[in-house]
Amino acid sequence: MKILAIDDQQLILMSLVKRLEDAGLEVKTASTAEQGMKLYDSYQPDLVILDINMPYISGLEVVKYIRQKRKSQTPVLIMSGKTGEETIKQAYELGINDFMKKPISLNEVLMRIQSLLGINPLQASFMEAHQNQYLHKYCVGVVIPCYNEENRISGKVFREFLQQNRGYHFCFVNDGSTDNTLAVLEQLRTGYEDSISIVNCVKNGGKAEAVRQGTLHLLQDRQLDYIGYLDADLSTDLSDFNELVNTLESSDYQIVSGSRIHRMGATITKQSARKIISKSINLIIQGLLGMGFKDTQCGAKVMDRNLAAVVLTNSFITKWLFDVEIFVRMRKIYGKERAKSLICEQPLKRWIHADGSKLSMRDSVTILGQLTRIAWHYRIAS
């Protein structure tokens with residue numbers, strides 16, 4: 001059986017292709033509606049899988065082409081995540097056979113395809129081996145800054161997350177490490193070249209610059225809807241980060257920031273001295289911003305790609321407090337009240353301070369001076 005899959009989000013499409021090929025199906029792909037229509041004629045598929053929202057030409061034009069111009073009854077399955085009821089109704093009126101809304105279980109996709117093609121279901125053992133794997137509604141790029149992290153990067157955890165959450169791309173930034181971090185990252189990327197990239201900075205520029213360089217790299221990939229960043233030691237759990245993405249998807253927020261505030265059922269641990277310093281600094285930051293946020297410094301944030309292009313691509317004036325600068329930049333652009341409405345501070349379920357942190361007690365003292373620099377540079381007024 002031959003399948004034609006048409007979707008501009010290749011990050012999502014490639015994982016679907018692999019799943020279908022593992023099931024013994026032949027698959028060809030196209031990234032635009034125009035390419036899809038040309039390939040339809042030459043490939044003559046038994047089934048077309050199609051997204052509606054694509055650049056230049058809507059996926060509905062492909063349905064019209066198949067049903068009206070080619071007079072074909074080839075089964076058409078639409079998978080889309082940004083479609084209203086009227087568009088779905090129009091798609092059925094044009095003659096589609098089935099519709100699935102992202103996020104979607106890969107096993108459910110396969111079962112729908114089996115039904116449309118009238119082929120026998122696969123063995124239960126095959127389905128069980130691929131359970132809990134999903135195609136997401138949006139594509140997410142995550143910058144992970146790394147400085148001498150060879151002993152703290154858990155390749156197994158990152159790989160397992162990518163296998164279960166299709167649509168993510170991890171960009172590891174080697175920030176001038178003096179150990180074997182780069183070799184560890186290259187090994188981690190092996191076999192995951194489509195969903196892991198590495199930016200290698202020869203000199204150490206600090207976390208702020210590493211996140212900026214990673215963002216510049218990810219912004220070149222037009223399929224990414226959201227861009228965020230996360231600490232390499234996974235002090236914030238990847239499942240928690242995914243919850244930040246889910247909040248962004250289902251709301252009008254432009255940025256969702258993790259928060260290490262204690263709440264019922266959460267596991268939040270810090271070293272005692274670090275906890276006292278962190279609380280004191282947060283109080284100062286709250287006074288500086290005047291926006292009511294409790295934890296600007298949590299190393300887990302995700303935002304709309306357009307906002308990332310505005311607040312993350314210009315150089316920061318500090319190495320560690322760039323999170324504060326992001327909030328300040330939003331305040332300068334939108335005004336304090338509008339900026340507050342665009343930012344969601346979401347408590348994490350788990351955050352653990354990992355051994356080997358690069359921030360020392362002496363470094364914490366210099367933060368006060370950096371906050372003064374931020375206030376002066378951006379001319380913050382209450």
Side-chain angles (χ1 to χ4, degrees), residues 3 5 7-31 49 102-107 109-110 122-123 125-136 138-175 177 179-201 210 213-215 217-218 220-234 236-239 241-242 245:
I3 294 178
D7 196 322
D8 61 311
Q9 292 181 310
Q10 293 295 298
L11 189 60
I12 291 176
L13 194 57
M14 289 303 98
S15 60
L16 174 64
V17 170
K18 185 178 186 306
R19 181 74 173 88
L20 297 179
E21 289 178 343
D22 287 345
L25 299 168
E26 179 184 328
V27 188
K28 287 192 176 181
T29 66
S31 58
I49 300 175
K102 300 173 184 174
I104 313 167
S105 160
L106 277 169
N107 273 348
V109 174
L110 189 54
L122 293 166
Q123 294 182 353
S125 58
F126 180 87
M127 302 295 280
E128 290 174 3
H130 295 83
Q131 64 183 351
N132 298 323
Q133 295 182 3
Y134 293 87
L135 295 177
H136 282 266
Y138 296 104
C139 289
V140 186
V142 186
V143 179
I144 303 171
C146 304
Y147 176 66
N148 290 351
E149 302 282 1
E150 65 169 311
N151 295 320
R152 299 204 301 170
I153 296 175
S154 177
K156 179 181 179 182
V157 174
F158 284 112
R159 285 174 170 172
E160 288 180 348
F161 182 82
L162 288 172
Q163 289 171 1
Q164 295 176 0
N165 296 273
R166 311 296 178 167
Y168 271 83
H169 183 100
F170 291 141
C171 175
F172 291 90
V173 181
N174 179 41
D175 187 23
S177 298
D179 63 359
N180 292 320
T181 294
L182 182 57
V184 171
L185 294 178
E186 289 173 343
Q187 183 178 9
L188 170 59
R189 185 171 183 259
T190 302
Y192 291 79
E193 289 80 5
D194 291 333
S195 51
I196 294 177
S197 58
I198 300 172
V199 174
N200 185 36
C201 301
Q213 290 298 327
T215 300
H217 175 79
L218 291 177
Q220 297 177 47
D221 189 345
R222 296 302 307 174
Q223 69 180 315
L224 298 178
D225 301 288
Y226 303 139
I227 292 176
Y229 55 91
L230 186 67
D231 292 335
D233 59 19
L234 293 180
T236 298
D237 193 80
L238 283 170
S239 62
F241 188 88
N242 196 42
V245 173

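Remember, predicted model here, so these are calculated numbers, not experimental data.
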A.B. asks: Does the separation of the ring centres of Phe158 and Tyr192 fall below 6.0 angstrom?
C.D. replies: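 Distance test on ring centres: not under 6.0 Å, no.
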A.B. asks: Gln10 and Ala30: which non-hydrogen atoms are nearest, and at how many Å?
C.D. replies: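 Taking every non-hydrogen atom into account, NE2-O, 4.1 Å.
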A.B. asks: Considering only heavy atoms from C-beta outward, does the side chain of Val140 approach that of Asn165 to under 4.5 Å?
C.D. replies: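 Not in contact.
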A.B. asks: Could you report the tightest heavy-atom contact between Tyr168 and Ser195, atom names first, then the distance?
C.D. replies: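 Of all heavy-atom pairs spanning Tyr168 and Ser195, the closest is O-CB, 3.7 Å.
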A.B. asks: Could you measure the distance from the CD atom of Glu149 to the OG atom of Ser177? Nearest 0.5 Å is fine.
C.D. replies: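 The distance works out to 7.0 Å.
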A.B. asks: Answer yes or no: are there more than 12 heavy-atom neighbours, outside Glu150 itself, under 6.0 Å from its atom CD?
C.D. replies: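 For Glu150, atom CD is crowded (more than 12 foreign heavy atoms under 6.0 Å).
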A.B. asks: Say whether, by atom type as modelled, one donor and one acceptor occur between the side chain of Asp7 and the main chain of Gln9 under 3.5 angstrom.
C.D. replies: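 At least one qualifying donor-acceptor pair exists.
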A.B. asks: To check you understand the geometry: which heavy-atom pair defines the closest contact between Val142 and Leu218, and what is its length?
C.D. replies: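 Taking Val142 first and Leu218 second, the nearest heavy atoms are N-CD1, 3.8 Å.
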A.B. asks: So Phe170 and Leu188, do their side chains get closer than 4.5 Å, heavy atoms only?
C.D. replies: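 With C-beta onward as the side chain, the pair stays apart.
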A.B. asks: Would you compute the distance between atom CD1 of Ile153 and atom CG of Leu185 and round it to the nearest 0.5 angstrom?
C.D. replies: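 These two atoms lie 4.5 Å from each other.
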A.B. asks: Please walk me through it: do Cys171 and Val173 pass side chain to side chain contact (heavy atoms under 4.5 Å, CB included)?
C.D. replies: CA-CA 6 Å; Cys171 175; Val173 181; 4.2 Å; yes
A.B. asks: Give me the atom names and distance for the closest heavy-atom approach of Ala210 to Val143.
C.D. replies: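 Taking every non-hydrogen atom into account, O-CG1, 4.1 Å.
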A.B. asks: So do the side chains of Arg159 and Leu162 get within less than 4.5 Å of each other, counting heavy atoms only?
C.D. replies: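 Sidechains of Leu162 and Arg159: no contact.
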A.B. asks: In Å and rounded to the nearest 0.5 Å, what is the CG to CG distance from Asn180 to Asn151?
C.D. replies: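 Between Asn180 CG and Asn151 CG, I get 9.0 Å after rounding to 0.5 Å.
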A.B. asks: Where is the tightest heavy-atom contact between Ser197 and Arg189, given as atom of each residue plus distance?
C.D. replies: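 Of all heavy-atom pairs spanning Ser197 and Arg189, the closest is CA-NE, 3.7 Å.
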A.B. asks: Is the backbone N or O of Gly191 less than 3.5 Å from a side-chain atom of Glu193, with the two atoms forming a donor-acceptor pair by type?
C.D. replies: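 Between the backbone of Gly191 and the side chain of Glu193 there is a qualifying donor-acceptor contact (under 3.5 Å).
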A.B. asks: Would you mind checking if Asp194 and Lys18 are paired as a salt bridge, meaning a charged N to carboxylate O distance below 4.0 Å?
C.D. replies: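 Asp194 and Lys18: not salt-bridged.
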A.B. asks: I need the Glu21 CD to Leu16 CG distance, nearest 0.5 Å.
C.D. replies: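 So the gap between those two atoms works out to 9.5 Å.
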A.B. asks: If you measure from CZ on Phe172 to CG on Asn200, what distance do you get to the nearest 0.5 Å?
C.D. replies: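 That separation rounds to 14.0 Å.
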A.B. asks: Whether the side chain of Gln223 engages the backbone of Leu11 through a donor-acceptor N/O pair (distance < 3.5 Å, no angle test) should be reported.
C.D. replies: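 Here the side-chain-to-backbone pair exists.
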A.B. asks: Minimum heavy-atom separation for Arg152 to Asp233, with atom names?
C.D. replies: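 So the minimum-distance heavy-atom pair works out to NH1-OD2, 3.4 Å.
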A.B. asks: Quick one: pull up CD in Gln213 and CG in Asn174 and give me the separation to the nearest 0.5 Å.
C.D. replies: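 Between Gln213 CD and Asn174 CG, I get 12.5 Å after rounding to 0.5 Å.
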A.B. asks: So do Leu230 and Leu238 actually touch side chain to side chain, heavy atoms under 4.5 Å?
C.D. replies: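 They are in contact (side-chain heavy atoms under 4.5 Å apart), so the answer is yes.
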A.B. asks: Starting from the C-alpha separation in whole Å, work towards a yes-or-no answer on side chain to side chain contact (heavy atoms under 4.5 Å, CB included) for Asn107 and Arg19.
C.D. replies: CA-CA 9 Å; Asn107 273 348; Arg19 181 74 173 88; 2.2 Å; yes
